[in-house]
Enquirer: 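The structure's right below; bear with me while I get my questions together.
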Amino acid sequence: MPAKSSAYDYIIVGAGSAGCVLASRLTEDPHTRVLLLEAGGADKGLYIRIPAAFSKLYKTKLDWNYETEPEPSLHNRSLYWPRGKMLGGSSSMNAMIYARGNPLDYDHWESLGNAGWGFKDLLPYFKKSEMQQHGESAYHGGSGPLHVSDLRRVNPLTRAFLEAAEALGHPRNPDFNGAHHEGVGVYQVTQKNGRRHSCADAYLCPALTRRNLSVLTEAHAARVLVETGRARGLEYLQAGTRKTVRADREIILAGGSVNSPQLLLLSGIGPVDEVRKAGIHAVHDLPGVGKNLQDHPMVSVGYLCHEPVSMATAESIPNLLRYLLFRSGPLVSNVAEAGIFARTRPEIPVPDLQLLFGPAYYVNHGLNPRKEHCFGFGPTLLTPESRGSIKLKSANPLDPPAIRANYLSTRSDMQVIVEGVKLSRSLAHSQPFARYRGDELHPGSHVKSDEEIVEFIRNEAQTLYHPVGSCKMGSDAMAVVDHRLRVKGIEGLRVVDASVMLCITAGNTNAPTIMIAEKAADMIRAGV
Ligand SMILES: Cc1cc2nc3c(=O)[nH]c(=O)nc-3n(C[C@H](O)[C@H](O)[C@H](O)COP(=O)(O)OP(=O)(O)OC[C@H]3O[C@@H](n4cnc5c(N)ncnc54)[C@H](O)[C@@H]3O)c2cc1C
């Protein structure tokens, strides 16, 4: 799509979860001219729309297809990191779980000096974004752009999981985003009528007819242009050509937790030694850029299933027809249909374990499917102590940066997943699964002691796709943005995406990112 004019008030880099929210909200004012720049292309294709198909987007041109550097605590394995590269960004390829995390996550952010970021301040923004299937309530919005729905079909294996968890003492939670966070339940999903409802669908598409919004796709931002301490414009690459565009008011980076710190570093904003080492002129010394990276690591515990009820046959022609004609059948599943939020130690205030359940074989990101019927658990660490980094490997904006997640580098981080593996096994061996449970495929019954489970985790852990924190908000020396998300020391430049979270939330990260962008849009429109 060509740009409609050459002069803008705001340039937003990245049409992902946050970028789509910003583009839509800022252009509600017809006098505000916005350019939204996206490195990927359009979000067209059945695999984006069909909920169960999301892993088919992996390693395609719609994926940034990142790999971490060798992970020291995971036997130096490099881990695959999918990220969406298209309109909607990662919201166009994610597993659609709608989870806000724990209210105490945000109260903690506020207690670290970030006024206005406590849960009571943020709940209105969660609600503003939401079109809740069950309507407006104390915790939910009923008239926002983003459809939040119940799963249209819950697999019988998922029902067995709910019963098994209740039998083991996890209370049934009908709404993880309501009064209580802990317990077991079926996730609500960002779907509308059985189709994915990405941030492009919810926010961007309805705004595309506005004359004050221009969208450029396949335009890769290469550098923020800073003149006398103020961000004035942007260099980007399109069809092999380097182009420049300027903004009167602000440049807003919404490239996500890998790309926003990379773009700051490429622009000479970051730890001065790192920037110079890459051969880039240092513009502003900001030591926290790319530091404080956090993610949720997960491992898959999988079983063969005796009954033909799993998603192994989801892609059959009859099921495809059921989906296309009636939006029903197993293809409406988001695979990770249900889960538990739990504390592995009673003295901690917030759940440290999320145990996902799927009526499917989901090992190695679902990239090695099996023909047999299977089911699986995904114990995930929610509150990592480990911190990683994003650094430049080169000054070429098209080169991926060095990603170090530094997963499971502390004993207590590892212990949470060990407990999660044990809980998965207890669930699988409980009465509700008796008729379904076949052999344990991962880790396998030969893995018994804690040491053996740790070894399994070192060999098999992967990302749950939630990198955050690499441009953290705050007032300390390592903060990159202030509590208004303004980059410290540079005027006219903000970061608004998952990278500003100072500590990762205890849940999936799309809803929190959307909330952050809703609040940022309000601040920008209010001129603060
Ligand atoms: C496979 C997968 C499954 C997930 N499942 C869930 C889930 O079930 N529930 C949940 O809550 N969260 C989930 N997440 C996480 C969630 O989707 C992300 O936390 C959220 O989308 C992050 O939003 P963002 O705006 O920070 O980044 P993104 O949505 O990734 O957007 C960044 C955008 O910027 C563009 N961009 C980057 N660099 C440049 C550049 N230099 N120039 C121009 N454009 C650029 C990218 O192409 C992209 O469109 C999942 C993520 C993935 C990848």
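Note: hydrogens, waters and symmetry copies are ignored here, and every other heavy atom, side chains too, is used. Both ligands and their constituent atoms are indexed starting at 1 by order of listing. Residue indices begin at 1 and follow the sequence shown.
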Enquirer: Which option wins on minimum heavy-atom distance to atom 52 (C) of ligand 1: Tyr58, Tyr98, Phe54, Tyr465?
Expert: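 Heavy atom nearest to atom 52 (C) of ligand 1 belongs to Tyr465.
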
Enquirer: Heavy-atom pairs closer than 4.0 Å: do any link ligand 1 to the side chain of Ser91, the backbone, both, or neither?
Expert: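 Backbone only.
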
Enquirer: Please determine if Trp64 has a nitrogen or oxygen closer than 3.5 Å to a nitrogen or oxygen of ligand 1.
Expert: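 In this structure, Trp64 places an N or O atom under 3.5 Å from an N or O of ligand 1.
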
Enquirer: For Asn508, which part has a heavy atom under 4.0 Å from ligand 1: side chain, backbone, both, or neither?
Expert: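 Answer for Asn508: both.
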
Enquirer: Any idea which atoms of ligand 1 are less than 4.0 Å away from a heavy-atom of Gly256?
Expert: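 Numbered from 1, ligand 1 contributes 26 (O), 27 (O), 32 (C).
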
Enquirer: Does ligand 1 have a heavy atom under 4.0 Å from the side chain of Val13, from its backbone, from both, or from neither?
Expert: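 For Val13, only side-chain atoms sit under 4.0 Å from ligand 1.
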
Enquirer: Quick one: does Ala99 get within less than 4.0 Å of ligand 1, heavy atoms only?
Expert: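 No, Ala99 has no heavy atoms under 4.0 Å from ligand 1.
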
Enquirer: List ligand 1 atoms under 4.0 Å from Ala254, heavy atoms only on the residue side.
Expert: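 Atoms satisfying the 4.0 Å criterion: 32 (C), 33 (C), 34 (O).
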
Enquirer: Judged on heavy-atom distance to atom 28 (P) of ligand 1, which of Ser92, Ser90, Pro467 sits nearest?
Expert: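 It is Ser90 that holds the nearest heavy atom.
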
Enquirer: Among all protein non-hydrogen atoms, which one is nearest to atom 41 (N) of ligand 1, and what is the separation to 0.1 Å?
Expert: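 The answer is Ala221 O, 3.2 Å.
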
Enquirer: Give the single entry among Asn510, Leu253, Val500 that approaches atom 12 (N) of ligand 1 most closely by any heavy atom.
Expert: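 Among Asn510, Leu253, Val500, the closest heavy atom to atom 12 (N) of ligand 1 comes from Asn510.
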
Enquirer: Apply ring-ring contact (aromatic ring centres under 6.0 Å, His included) to the pair His442 and Tyr361, showing each step before the final yes or no.
Expert: CA-CA 10 Å; His442 298 272; Tyr361 182 74; 5.8 Å; yes

Enquirer: When you look for heavy atoms under 4.0 Å from ligand 1, do you find them on the side chain of Tyr236, its backbone, both, or neither?
Expert: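 For Tyr236, there is no contact with ligand 1 at all, from either part.
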
Enquirer: Regarding His134 and Asp175, is there a side-chain donor-to-acceptor distance under 3.5 Å anywhere?
Expert: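 Looking only at side-chain atoms, Asp175 and His134 do not form any donor-acceptor pair under 3.5 Å.
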
Enquirer: From atom 20 (C) of ligand 1, work out which of Ser260, Ala15, Ser17, Ala39 has a heavy atom at the shortest distance.
Expert: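 Heavy atom nearest to atom 20 (C) of ligand 1 belongs to Ser17.
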
Enquirer: Indicate whether the side chain of Arg100 and that of Tyr98 have a donor and an acceptor atom separated by less than 3.5 Å.
Expert: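 Checked: Arg100/Tyr98 side chains pair up, N/O donor to acceptor below 3.5 Å.
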
Enquirer: Pick one of side chain, backbone, both or neither for how Asn259 approaches ligand 1, counting any non-hydrogen atom pair under 4.0 Å.
Expert: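 Side chain only; the backbone of Asn259 stays clear of ligand 1.
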
